[in-house]
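Numbered from 1 within each chain, the chains take letters A, B, ... in sequence-line order.
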Amino acid sequence: MLIEVAELKKTYIHYERGGSFFEAVKSIFLRKAMPIEALKGISFTIEPGELVGFLGPNGAGKSTTIKILTGVLYPSSGRVKVAGYVPWRDRVKYVAGIGAVFGQKSQLIWDIPPVDAFLMNKAIYRISDKEYRTTLNMLVSLLEVERHIKTPTRQLSLGERMRCEFIMAMLHRPQIVFLDEPTIGLDVVAKEKIRSFIKKMNEQGVTFILTTHDLDDVERLARRVILINRGELIFDDTIGALRGYLGKKKFVTVRTAKPLVTVAFSGMRVLNPLSEYQMEMELDMEAVELNAFIRYLDEEYGIKDLIIEEPPIENILKSLY
Amino acid sequence: MAMGKMASRFFNGRLLTSVAAATYKEWAAYRSHILVSLFVGPVYFLVQYFIWSALFHNTTTINGFTLQEMLVYYGVTTLINYCIMDFADWNLQMLIRTGRFITFLLRPVSHRFFALAQKVGHRFLGFWLEFIPVYLIFLFVFRLPLVPADLFWSVLSLIFGFLMMFLVNYSIGITGFWLIRTDGLRSFFLIFRDVFAGVFIPLVFFPGWLQKVLFFLPFQYISYVPVRVFSGNYELGGVTLAIPVIVAIQGVYVFLMGLVSEFLWRLGIKRFTGVGV
Amino acid sequence: MKRVLDILRLYSTGIRIGLAENLAYRGNFLIRFFVMFLSDLLFPLVALLVYRSGAAFPGWTLEEVLLIQGIFMMAKGFAYLFFFGLVWNIGEMVRDGLFDLMLIKPCSVIHLAAATSFSLENSGSLLGGSGIFIYAVSKIPKPGLWEWAAFFLLFLLSLSVLFSFSLLMSGTLFKWVGNSRIYEIFNTITQFGLFPKTIYSRAFQNILTYLIPIAMIAFFPAAVLKGDKPEGLFLSAGICLVFLFAARLFWHAMLKSYSSAGG
């Protein structure tokens, strides 16, 4: 077991601050404390080589969990063990073996080329010259940034910069890498490059913990999903299981020759009437015979186009949050 | 009509009050930062008190100042600074550098007036969070006789100092149109401004020729002149002037500095729009 | 030993990167260098103007006052160049929510923050201070070997006092987020160290010697160099170490409170 989290709790103390001058002065001496429970006792384990997606709405407790796992934050109670360390207690030793990429917090240095900034991490992680050269070459060719690492960071596009952020975070060959919104703001091509890099590194045995709001990231990368909401763990299983979580459902888009105004079928729910002739609906596969449903549609309205697919993950999440 | 419209670009009473009020509220959130002045001001003065008490140990006047007058000079300099300080230079160059400046070009009001209105709001906050408490500390703890020789001329000179500080800083900020990084140039100017405004030592301590040069530079009109007007006697470069005369000269200089900033502004804008956004 | 080498490597990389950053904006860098140099001459300039007007601190010649101020600026210049940057580095990172990035690095946050804030322009301060120091030393009676030895020892203590201040300030910035006025507080408090201790009242002299050892920044090293045996020197030297210890405790307590509040 690589990561073990048990009964993890975190309560923040928030202080109320008044608006007026006197309240501001008073608040220096007397403050009203308000406890906020960010994590209410969550437990999970992660095996080496997994690629786990962390999902949850804003303020759910995701980043609190990640901060505790990276040794940045002390929990209020609970046990955490990662690669044999207690992250916050053995911080310096522990973080030598992990890496992190934050989509919105750059580790590169704005005015100088990435390749110079890499030297800082080389010194921080005490990487030998030889190891540094091999790892750098490997990462640079995987991410296709041979030219970019020599250009001042401020002149790079966001996609190029993110790829360099990955090099910065992985030069010391961490066995666990935390990713926070690694594809935020990127175009489709750039996202794809980052994703295929993550996949390749994962195949080489690196464990990834991915927090994101980009469900494409999760669907393409993660085999396992952990859902956190209001400080509690509400789901922990595979993507497939998440899909089946609300029962067996299909998502149908249909276009017909006759207006669909009167359409009705037991086990079918209208989600979104796009126009008179076009509609999105949800089928409960436990109650609906698919053949019968299609026959009904075609005979009554005349099918011109029909798409049947897995329900989008957003719909599942919306019903869970 | 056209004239009226023109003028409203440069002065607009309603805009002044609404921008000032908004700035006041915005900065009120940083009260704890502003309250640092209640420590810094008196402690800085305390050091001056020890320095000058020691320097006056065997003499009653230095360069025409008695100990009491010297302490009043430093006390009033500190207080006046609370009324007139701003960072228009920093703000303007930041807007230019980040490109946020473009939104001001789309508004039917000059940015200079907008920035001045911001300063009014910011200094209103400074007036009662810094000026009044520190004034009371000087008055009751250090027993400084802080009564202006003539209230009318003191206030007028203070208003001119307020405008002068703003125009000088704003002109420094305009250099942002030419330079990517202005922090070096700005701190260079700020040192000059403060030294030659008499913040560190009364200007009469400088060599005679320098005092004559300083008379013609804008800096003395920021702080040195209002401080001397407060005390009721003005002297620089061996010249003694009546209070109404030096305040009138100060007013002329504010007007001239306004023209300089307008000129720099037009040059800068030309460059800004010439480069393209 | 290996640990020391690692830290040295960290600093040398930090210095190389700092230099590269400086060179990205050469013009601005040169002006800033010059400004640091000039702003350091400010207090000596005021001292010069005052002494030229005929006034003097009782018992202190202009050169002796310049000696204090030169040492003060050298110490500050040295501190600015090599470790004081940790204050704004930590302050900025906490303000922008980037401080976590420092905590996920396997080394001491203090060393990392200091090493990554190197900026050569601060050598302007060191240069200005050294210039005044050399001028002042040439004007006082020639110090002997013992005086020099004692001076170097006290100069190290002077740096330790400034280091303690940098810990107190950066520690405060964990809580008092984004307050750049902390520098003003620092400058105001240490201002007492720019002048002969003897001009202050007895109570203040005691505070500057035994409570917040600001007299150690420049007054004691200067006094020793000009051959005095100032009272309270040994006790004050001990206080400097206590001050450093207390500042470290404070800093770690503030870091811990940051780590449990989550910034």
Engineer: Do Ser37(B) and Arg181(C) come within less than 4.5 Å of each other through their side chains, counting heavy atoms only?
Structural biologist: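 Yes - at least one pair of side-chain heavy atoms lies under 4.5 Å apart.
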
Engineer: Side chain from CB out, backbone as N, CA, C, O: work out which of these in Phe57(C) comes under 4.5 Å of a heavy atom of chain B, or both, or neither.
Structural biologist: both

Engineer: Among Pro58(C), Ser39(C), Ser180(C), Gly178(C), which residue has the highest count of heavy-atom pairs closer than 4.5 Å to chain B?
Structural biologist: Pro58(C)

Engineer: Side chain, backbone, both or neither: which part of Trp176(C) has an atom under 4.5 Å from a heavy atom of chain B?
Structural biologist: side chain

Engineer: Can you tell me which of Ile31(C), Leu30(C), Asn179(C), Thr188(C) forms the most heavy-atom pairs within a distance under 4.5 Å of chain B?
Structural biologist: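 Ranked by heavy-atom pairs under 4.5 Å with chain B, first place is Asn179(C).
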
Engineer: Measure the OH-CG distance between Tyr44(B) and Asn187(C) for me, rounded to the nearest 0.5 Å.
Structural biologist: 11.0 Å

Engineer: Drop me the distance from Ser201(C)'s OG to Leu46(B)'s CG, to the nearest 0.5 angstrom.
Structural biologist: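 Interatomic distance, Ser201(C) OG to Leu46(B) CG, rounded to 0.5 Å: 8.0 Å.
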
Engineer: Is Val40(B) in contact with chain C via its backbone, its side chain, both, or neither, using a 4.5 Å heavy-atom distance?
Structural biologist: both

Engineer: Heavy-atom distance under 4.5 Å between the side chains of Leu179(B) and Asn28(C), does that happen here?
Structural biologist: no

Engineer: What part of Leu185(B) gets within 4.5 angstrom of chain C, counting heavy atoms only: side chain, backbone, both, or neither?
Structural biologist: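 The answer is both parts of Leu185(B).
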
Engineer: Do the side chains of Ile51(B) and Ile199(C) get nearer than 4.5 Å, heavy atoms only?
Structural biologist: yes

Engineer: Can you say whether Thr59(B) sits under 4.5 Å from chain C via the side chain, the backbone, both, or neither, judging by heavy atoms?
Structural biologist: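 Neither; nothing under 4.5 Å.
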
Engineer: Heavy-atom distances under 4.5 Å only: say whether Phe56(B) touches chain C with side chain, backbone, both or neither.
Structural biologist: neither

Engineer: Between Val47(B) and Phe204(C), is a side chain to side chain contact (heavy atoms under 4.5 Å, CB included) present by the stated rule, with each step listed?
Structural biologist: CA-CA 10 Å; Val47(B) 176; Phe204(C) 272 92; over 6 Å; no

Engineer: Count the heavy-atom pairs under 4.5 Å between each of Thr198(C), Ile182(C), Leu42(C), Leu45(C) and chain B, then report the option with the highest count.
Structural biologist: Leu42(C)

Engineer: Quick one: what part of Phe34(C) sits under 4.5 Å from any heavy atom of chain B, side chain, backbone, both or neither?
Structural biologist: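 For Phe34(C), the side chain is the part near chain B, not the backbone.
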
Engineer: Which atoms of Phe192(B) are under 4.5 Å from chain C, going by heavy atoms: the side chain, the backbone, both sets, or neither?
Structural biologist: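 Side chain only.
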
Engineer: Are there over 12 heavy-atom neighbours, none belonging to Tyr49(B), within less than 6.0 Å of that residue's OH?
Structural biologist: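 No - once you tally the heavy atoms of other residues, nucleotides and ligands closer than 6.0 Å, there are 12 at most.
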
Engineer: At a heavy-atom separation under 4.5 Å, does Val177(C) approach chain B through its side chain, its backbone, both, or neither?
Structural biologist: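 Answer is backbone: N, CA, C or O of Val177(C) sit under 4.5 Å from chain B.
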
Engineer: Report yes if the side chains of Phe200(B) and Leu49(C) come closer than 4.5 Å at any heavy-atom pair, otherwise no.
Structural biologist: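 The answer is no; the side chains never approach within 4.5 Å.
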
Engineer: Side chain, backbone, both or neither: which part of Ile62(B) has a heavy atom under 4.5 Å from chain C?
Structural biologist: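 For Ile62(B), the contact with chain C is made by the side chain alone.
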
Engineer: What's the separation between atom CD in Gln191(C) and atom CZ in Phe50(B), rounded to the nearest 0.5 Å?
Structural biologist: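 Between Gln191(C) CD and Phe50(B) CZ, I get 12.0 Å after rounding to 0.5 Å.
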
Engineer: With a 4.5 angstrom heavy-atom cut-off, which part of His33(B) approaches chain C: side chain, backbone, both or neither?
Structural biologist: both

Engineer: Is it the side chain or the backbone of Tyr200(C) that comes within 4.5 Å of chain B heavy atoms, both, or neither?
Structural biologist: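 Both parts, backbone and side chain.
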
Engineer: Quick check on the interface: out of Ser53(C), Gly54(C), Gly27(C), who has the most heavy-atom pairs with chain B under 4.5 Å?
Structural biologist: Ser53(C)

Engineer: Check whether more than 12 heavy atoms from other residues, nucleotides or ligands sit under 6.0 Å from atom CZ of Phe124(B), and answer yes or no.
Structural biologist: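 No, the 6.0 Å shell around CZ holds no more than 12 heavy atoms from other groups.
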
Engineer: Check whether any side-chain heavy atom of Phe205(B) sits under 4.5 Å from a side-chain heavy atom of Arg52(C), and report yes or no.
Structural biologist: no

Engineer: Quick check: closest heavy atoms across Arg32(C) and Ser187(B), and the distance to 0.1 Å?
Structural biologist: NH1-OG, 4.3 Å

